[in-house]
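First comes the structure, then the notes that go with it.
To find a chain, count down the sequence lines: A is the first, B the second, and so on, and within it residues start at 1. Only this structure's heavy atoms are used, side chains among them; waters, hydrogens and symmetry mates stay out.
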Number of protein chains: 2
Amino acid sequence: MSKSSDAVHAILRQSEGFRSAQDIFTKMRADGAKIGLTTVYRALQSLSDDGRVDMLRTDDGESVYRACESDVHHHHLVCRRCGHTVEVAGPDVERWAEAVGAEYGFTEVTHTVEVFGTCPDCASAAGSR
Amino acid sequence: MSKSSDAVHAILRQSEGFRSAQDIFTKMRADGAKIGLTTVYRALQSLSDDGRVDMLRTDDGESVYRACESDVHHHHLVCRRCGHTVEVAGPDVERWAEAVGAEYGFTEVTHTVEVFGTCPDCASAAGSR
DNA sequence: GCCGATTTTGACAACGGTTTTCATTTTGCC
DNA sequence: GGCAAAATGAAAACCGTTGTCAAAATCGGC
């Protein structure tokens, strides 16, 4: 479970934003790698389990992955046009989620937070379109 | 696009938490309604478009729906066991998301925030299990 | 290096939720 | 009633993902 995982991880590290499994598979094949789609999924799964990549679901239900830059809990600011991603720490949000959970007596509180927007580059590109 | 939509909406209104499309379909059929799965999906789609129901995706990619109680922007605190849901307003989070977006020059910032936990009832039920 | 045992791999099939298709039914209107 | 437009639903198509299983790579031990 390691050579392929490393290869997949390498692809992610040299990518800017989030990429889908199929996307990664296509790129690796284009690069000449002899890898199967199944293996890509398995690699992504284990990388995700190990916390070495972030995974989130797009609005249309597709899972997308990205190499983490930091291994501490964090969230993402994602450009909805180009996929460019910034990792953001949000201590305020963490506290808020905990507080909300506690207010209603919920335990084992987790949360998902993603912020989407249009990045400066894409905004100016769109403006001149 | 209205009689079926109303029926679906009615089911959602008398439901506690989030329900999946198939779930709704099964229940309606059990109630004796002559409705097709396709129509349920179409109804949910249009209700969602009109902002009359909330829709979110579970971790395993399934879409679930719920009748909104308020039509202003809000988030959800969802019990991961029983699906019981509390609508929560989070002005802090709104501000935070805006601030984060602005910090990196992002425009048209939107955000998705969901908080999951175990509700008091389920926690005690699990404790005595 | 060689051999068997174990793990990893990948082509392909299966799966499950969602969407599309398209023929039929219902609805609205005259 | 009669007709056109909209809604419906059964079944097929879709698509990302997961399971299957036999072939291939890897790892000791000798």
Divergence of helical axes at both termini of the helix from C:dG1-D:dC30 to C:dC30-D:dG1 - five pairs an end, 10° steps: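 Helix axis angle between the two ends: 20°.
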Result block: side-chain N/O donor-acceptor pairs under 3.5 angstrom for residues 27-37 of chain B, not counting sequence neighbours:
residue	atom	partner	partner atom	Å
B:R29	NE	B:I35	O	2.9
B:R29	NH2	B:I35	O	3.0

Pairing residues for A:H76 by the ring-ring contact (aromatic ring centres under 6.0 Å, His included) criterion, not counting sequence neighbours: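 Once residues adjacent in sequence are excluded, the partners of A:H76 under the ring-ring contact (aromatic ring centres under 6.0 Å, His included) criterion are A:F18, A:H74.
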With a 4.5 Å cut-off on side-chain heavy-atom distances among I, L, V, M, F, W and Y, is there a chain of contacts connecting A:V100 to B:F116?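 No.
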Do A:H111 and B:H75 have ring centroids that are under 6.0 Å from one another?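 Ring-ring flag for B:H75/A:H111: false, centres at least 6.0 Å apart.
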Can you name the residues that form a side-chain contact (heavy atoms from CB on, under 4.5 Å) with A:Q45, not counting sequence neighbours?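 side-chain contact (heavy atoms from CB on, under 4.5 Å) list for A:Q45, sorted by chain: A:D49.
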side-chain contact (heavy atoms from CB on, under 4.5 Å) involving B:T26 - partner list, sequence neighbours excluded: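 Partners of B:T26 by the side-chain contact (heavy atoms from CB on, under 4.5 Å) criterion come out as none, since no residue qualifies.
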Of all the heavy-atom pairs spanning B:Y104 and A:P120, show the shortest one and how long it is.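 So the two residues come closest at O-CG, 3.4 Å.
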How long is the line joining [atom1] of [X] and [atom2] of [N], in whole Å?
X	N	atom1	atom2	result
A:F25	D:dT17	CZ	C1'	13 Å
A:M55	D:dG16	CE	C1'	11 Å
A:D59	D:dG16	CG	C1'	16 Å
A:I24	C:dG10	CD1	C1'	17 Å

Are the side chains of B:Q14 and B:H9 in contact, using a 4.5 Å heavy-atom criterion?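 SC-SC contact between B:H9 and B:Q14 ruled out.
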Let me have a per-nucleotide readout for nucleotides 16-26 of chain C, 5' to 3', with B, S or -, counting only protein heavy atoms under 4.0 Å. -SBBB------
Taking only side-chain nitrogens and oxygens of B:R29, does any of them come within less than 4.0 Å of OP1 or OP2 of D:dA10?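 True: B:R29 side-chain N/O within range (under 4.0 Å) of D:dA10 OP1/OP2.
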